[in-house]
Structures are given as C-alpha cells and as structure tokens.
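Okay, so here's the structure we're looking at.
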Number of protein chains: 2
Amino acid sequence: MAIATRDLFLDLDRSSPVPLYFQLAERLRAAIEGGVLEPGARIENEVALAAQIGMSRPTVRRAIQELVDQGLLVRRRGVGTQVVRGRFAREVQLSSLHDDLVRGNREPSTRVLEYRVVAADAELAAQLGVEPGTELLSLERLRSADGVPIGHLRNHLAPEYSDIPREALERFGLYQLLRGRGASMRVAKQSIGARAASAREAELLETEVGAPLLTMSRSLYDDTGRAVEYGSHCYRPDLYSFEVTLVEK
Amino acid sequence: MAIATRDLFLDLDRSSPVPLYFQLAERLRAAIEGGVLEPGARIENEVALAAQIGMSRPTVRRAIQELVDQGLLVRRRGVGTQVVRGRFAREVQLSSLHDDLVRGNREPSTRVLEYRVVAADAELAAQLGVEPGTELLSLERLRSADGVPIGHLRNHLAPEYSDIPREALERFGLYQLLRGRGASMRVAKQSIGARAASAREAELLETEVGAPLLTMSRSLYDDTGRAVEYGSHCYRPDLYSFEVTLVEK
DNA sequence: TAGTGGTCTAGACCACGGG
DNA sequence: CCGTGGTCTAGACCACTAG
C-alpha cells in the first residue's frame with residue numbers, strides 16, 4: 001500500500017524563483033529524513049502524485065529522480081517507488097576541505113608553506129588542459145582543524161587566479177576565494193589512494209614517517225570547460241575520509 | 001562558432017529498444033572521445049540540434065544532460081554548451097573489483113578464507129537496515145590480479161543470498177553471483193579511507209606490517225531498497241585506487 | 001536585442017511486473 | 001489483465017548572457 005502524501009505539498013510556491021521540482025524534492029527529502037516516510041515505504045505513483053499536487057507528471061518525475069540520483073529512493077518499472085533502507089549518507093559536494101570543516105563545526109586554519117609562480121610541465125599541462133609552459137600559481141598549504149594538522153595540500157592554479165594574495169589563503173578556503181573571483185566550478189575529476197608519509201609530511205602532519213596517508217588528486221574545471229586548478233593532497237586518515245554514493249542507472 | 005554536428009546522427013534507430021536519448025548521448029560521447037569534438041568546442045544549441053536530428057527538444061536535452069552528469073560537457077544558460085578541457089576519467093560504475101580487473105585485462109583470482117553464517121550485531125544491522133540477530137553469510141576473501149594479491153575483502157550478505165556456494169566464490173566476482181541470483185543492485189554508499197596493515201593483512205597482501213592500505217566500506221542496496229551486502233575491504237594502494245567524477249548542480 | 005539554456009505543461013504510447 | 005515507471009512529443013514562457 002502506498003503512503004498518503006497529500007498533506008506534504010500544501011505550501012509549494014509557484015511564484016518562487018526556486019523551481020517547482022526542487023521544492024517538491026526538498027519536501028520529499030524532509031519527509032524521508034524526518035521519518036514521515038519510513039525506510040521501505042512506497043510512495044504514490046507519479047500520475048496520482050501529479051494530479052494531487054496539481055503539477056504535470058514530468059515535473060513530479062524530475063523531483064523523484066533527484067532523490068533517486070541521491071540514493072534516497074529506488075524505482076522499479078511496473079511496481080513502484082520506495083524509500084531505501086539503511087543509513088543516509090551525506091551527499092558529496094564539490095567543496096573544499098575548509099568548507100567541510102566549517103560545516104562540521106570545526107575550526108579550520110591554514111599555514112601557507114609555498115606561494116610562487118611556476119611554468120606548467122607536460123604532466124600538469126595535460127591534467128589541466130593548458131599549454132605546457134603556462135604560468136601557474138603553485139601553492140603548498142597545511143590545513144588544520146581545531147589546531148590539529150589534518151591535511152597537506154598542494155595546488156596549481158590557472159593563470160587567471162594567480163593574483164590571489166598569500167594572506168587571503170591563510171584566512172579562507174581556496175574554493176571560497178575562487179568563487180569570489182568569479183569562478184563557477186562545475187566538474188571535478190578525483191583519484192583517491194593511499195601511501196606512506198615522507199619525513200617532511202610526517203613532521204607537518206605530526207605523525208610518523210611511513211604512517212599511512214589518504215591521498216587525493218583532483219582536476220577542477222569551470223562552466224566554460226577550462227581548468228581552474230590541479231590539486232594533490234594528502235590527509236591523516238584518522239581525521240578524514242571520503243563519502244561516496246553510487247547509483248546504478 | 002558552434003561545431004556542425006549534422007553528420008553525426010544519421011544512423012539513429014527509432015525502432016531499437018535502446019532509448020533515443022541514449023543513442024544520441026553515445027554518439028556525442030564517441031565524437032568527444034574520438035576527438036571530432038575537441039576540448040573547448042561548442043556544440044549547437046538544443047533547439048537547432050533537435051530540428052536537425054528530428055527529435056523533440058526534451059529528448060535532445062536529456063542526451064546532453066547525460067554527458068553533463070558524466071563531466072564531459074558543461075552548460076551555461078544564455079551562452080551554450082561546450083566540451084570540457086582536460087583528461088577524461090573513466091566513469092565509476094557500481095561494479096566489483098573482480099569486474100574492474102577483467103575490464104583492465106588482468107586475471108583475477110580469489111581465495112576464500114572464511115565462509116560462515118553469523119548473526120548481525122547492532123552495527124551491522126544498522127548498516128544494512130535489517131533486524132539485529134538476522135543471519136548473514138560472512139565472507140573473507142583474498143583477491144589477486146595476475147597472481148599478485150591486491151585486496152582483502154570482508155563481506156556480509158543478506159539472508160536471501162546466503163546459499164551462494166563457497167566454490168562459486170573462488171571462480172566468480174561477488175557482484176556477478178548476486179546478479180545471477182536475481183539481485184538488481186541500485187545504490188551503494190561507500191566510505192574511503194586509509195590505515196596501516198595488521199600482521200595478518202601484511203602477510204596476506206605480501207607487504208609489511210604498518211604499510212599503508214586503502215580502505216573502503218560499503219553498504220549496497222537493491223531496487224526494492226533492501227540491503228544486499230555490507231563490505232569492508234582493504235587494498236594495496238600501489239595496485240588500486242578510486243576514480244570519482246563530481247558535477248556541481 | 002537576440003540567442004541560449006532552464007523550467008513546465010498536457011498529453012501519448014510503450015515495457016515490464018505482478019496477480 | 002492492470003498498474004507502474006520509461007520514453008517521447010510539440011509546444012510554451014522565462015532567466016540569463018552577450019553584444
């Protein structure tokens with residue numbers, strides 16, 4: 001039996017700049033995360049839901065699809081749509097470690113270890129999709145949370161961002177600064193691995209030489225498809241990990 | 001100036017069971033990966049493309065959206081759609097290590113180290129969304145590629161899959177066996193981290209005690225939202241890493 | 001102002017799963 | 001057989017960007 005959802009959608013605002021499908025998706029999400037729709041519960045079919053709410057079926061469908069993509073709902077043709085059982089994972093966003101820490105109510109701080117302009121070698125040029133020899137701002141930072149070192153961050157920034165002042169990097173997250181300079185970041189391609197800490201990394205991260213580190217290298221592109229930065233980071237695995245949700249299509 | 005794409009879409013098959021939007025997306029992908037559409041190239045606008053191909057705009061739009069979601073294209077309202085610059089990352093699928101190795105033309109082999117039924121404790125029950133005490137098949141396997149140990153895999157399977165024979169696990173990937181039993185897996189929630197190898201892990205993986213290992217724990221759900229398995233794996237980081245593409249919405 | 005992607009409608013037909 | 005989600009159409013209006 002499908003759950004009655006009539007009362008959940010009374011306050012949709014058609015004059016709002018927020019899309020209808022998004023408003024509906026957020027209400028469904030709240031119902032799921034708030035326990036109104038329990039794990040395993042079936043929601044009403046798309047046609048009936050559209051009629052009840054007074055929206056077209058494609059709009060309702062898109063709202064549901066958002067939650068399917070995020071792993072909160074599963075659909076079966078000919079059967080129906082249900083809430084996934086089990087725990088909910090916080091969705092991975094395209095955000096910086098700095099922002100992650102702030103969201104987790106931890107106090108981030110940053111020490112800039114290196115700040116200089118370099119010419120892109122072949123490897124960097126390929127990662128970023130720029131010409132070899134292009135001038136990039138090379139950064140090396142140590143990021144701490146509540147005074148404890150958590151990550152060693154190396155970044156190379158595209159030329160248009162190479163005027164970010166060193167002092168700003170001590171106080172703000174890199175993504176925050178990039179956004180403030182008009183970058184609209186869209187696509188990140190990451191590779192996650194592990195390796196042993198070097199002597200320098202061990203000293204910076206206050207751990208032992210050879211201790212396991214979680215590594216992440218990332219190429220970041222903006223909404224024009226141009227490279228914004230290439231980053232090569234390592235983290236203390238006792239203080240940081242990556243959460244990923246995969247949905248089979 | 002937008003790239004002419006007229007000739008790319010002459011062989012679309014409207015009678016095929018493969019959806020039109022998917023056929024179109026695959027042709028676009030081939031054009032991008034084959035270099036016909038170069039990094040940074042703009043493709044024609046959705047309305048013109050639809051008219052040329054003889055499809056409706058929503059269908060064309062959906063095809064483009066597929067590639068946007070996969071990080072191959074970027075769109076800007078009022079401007080247009082462009083090919084992302086930089087390297088293309090192979091998309092992460094919901095697949096097993098076994099399948100990954102086969103795809104990479106490597107020879108996987110598996111040693112089953114443990115095979116027994118256990119009762120779910122509170123932690124496992126929460127991860128899988130089942131009642132505590134539910135009987136689960138507990139597995140411990142060593143996966144090698146071309147004879148070199150690459151990962152130590154611990155899994156707990158939901159009751160309906162606990163009759164998978166031990167011998168099958170030596171010869172096939174777990175996902176392959178689950179699919180063969182009718183499981184249609186949909187959602188995986190993974191956490192990726194790192195830690196030091198224990199004495200046993202070091203021996204199994206032919207590395208040193210304390211050597212860095214890449215870890216991944218995963219809850220897997222099927223298309224009814226029910227739990228299929230919980231896995232807790234570790235890998236030799238010199239032989240395996242995770243590739244992730246994130247797209248900001 | 002012209003051109004683009006973003007949203008939304010109101011239908012239609014089909015494929016699949018279950019009874 | 002019926003109910004469900006999956007696909008597709010042919011429009012419409014709007015918001016944003018660039019010149």
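All chains are named by letter (A, B, ...) in the order of the sequence lines, taking the proteins before the strands, and each is independently numbered beginning at 1.
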Any side-chain N or O of [X] less than 4.0 Å from the OP1 or OP2 oxygen of [N]?
{"X": "A:Thr81", "N": "D:dG5", "value": "yes"}
{"X": "A:Thr59", "N": "C:dT7", "value": "no"}
{"X": "A:Tyr21", "N": "C:dT7", "value": "yes"}

Next item on the list: Quick one: list whatever passes salt bridge (charged side-chain N to carboxylate O under 4.0 Å, His left out) with B:Arg29, sequence neighbours left out.
Entry: B:Glu26, B:Glu33

Margin query: Quick check for you: to the nearest 0.5 Å, what is the distance between A:Arg218 atom CZ and A:Ser191 atom OG?
Written below: 12.5 Å

Next item on the list: Kindly compute the distance separating CD (B:Glu135) from NE2 (B:His156), expressed to the nearest 0.5 Å.
Entry: 12.5 Å

Note to self: I'd like to know if the side chain of A:Asp222 pairs up with that of A:Ser184 as donor and acceptor (distance under 3.5 Å, no hydrogens or angles considered).
What the structure shows: no

Margin query: Pairing donors with acceptors under 3.5 angstrom, does anything connect the side chains of B:Gln190 and A:Glu243?
Written below: no

Check: When we call it a touch if two heavy atoms are under 4.0 Å apart, what does A:Pro19 touch: a base, just sugar-phosphate, or nothing?
Finding: sugar-phosphate

Note to self: Using a heavy-atom cut-off of 4.0 Å across all strands, would you classify B:Arg61 as base, sugar-phosphate, or nothing?
What the structure shows: base

Item checked: Closest listed nucleotide, where the reference is the side chain of A:Arg62 and the choices are D:dA10, C:dT7, C:dC8 -> C:dT7

Check: Which one, C:dA15, C:dC8, D:dA15, comes nearest to the side chain of B:Arg77?
Finding: D:dA15

Protein-nucleotide distance ([X], atom [atom1]; [N], atom [atom2]), rounded to Å:
{"X": "B:Glu46", "N": "C:dG6", "atom1": "CD", "atom2": "P", "value": "6 Å"}
{"X": "A:Gln65", "N": "D:dT4", "atom1": "CD", "atom2": "P", "value": "18 Å"}
{"X": "B:Phe22", "N": "D:dG6", "atom1": "CZ", "atom2": "P", "value": "15 Å"}
{"X": "B:Leu20", "N": "D:dG6", "atom1": "CG", "atom2": "P", "value": "17 Å"}
{"X": "A:Leu73", "N": "D:dT4", "atom1": "CG", "atom2": "P", "value": "16 Å"}
{"X": "B:Asp222", "N": "C:dG17", "atom1": "CG", "atom2": "C1'", "value": "15 Å"}
{"X": "A:Asn45", "N": "C:dG18", "atom1": "CG", "atom2": "C1'", "value": "15 Å"}
{"X": "A:Arg14", "N": "C:dC8", "atom1": "CZ", "atom2": "P", "value": "8 Å"}

Note to self: Need to verify one output field. Residue with the more 5' nearest nucleotide on DNA chain C, A:Gly54 or A:Val79?
What the structure shows: A:Gly54

Checklist line | salt_bridge(A:Arg75, A:Glu46) N-O dist < 4.0 Å | finding: yes

Note to self: Under 4.0 Å between a side-chain nitrogen and a carboxylate oxygen: does that hold for B:Arg141 and B:Glu170?
What the structure shows: no

Check: Does NZ or CZ of B:Lys189 fall inside the cone over B:Tyr221's six-membered ring, less than 6.0 Å from its centre and within 45° of the axis?
Finding: yes

Check: Pick the nucleotide of DNA chain D nearest each of A:Arg76 and A:Pro58; which residue has the one closer to the 5' end?
Finding: A:Arg76

Check: What stems involve DNA chain D, if each pair must be Watson-Crick or G-U and both of its distances must be under 3.5 Å, with 3 or more such pairs in a row?
Finding: C:1-18 with D:1-18

Margin query: So for B:Arg57 and C:dG6, does any side-chain atom that can act as donor or acceptor lie under 3.5 Å from a complementary atom in the base?
Written below: yes

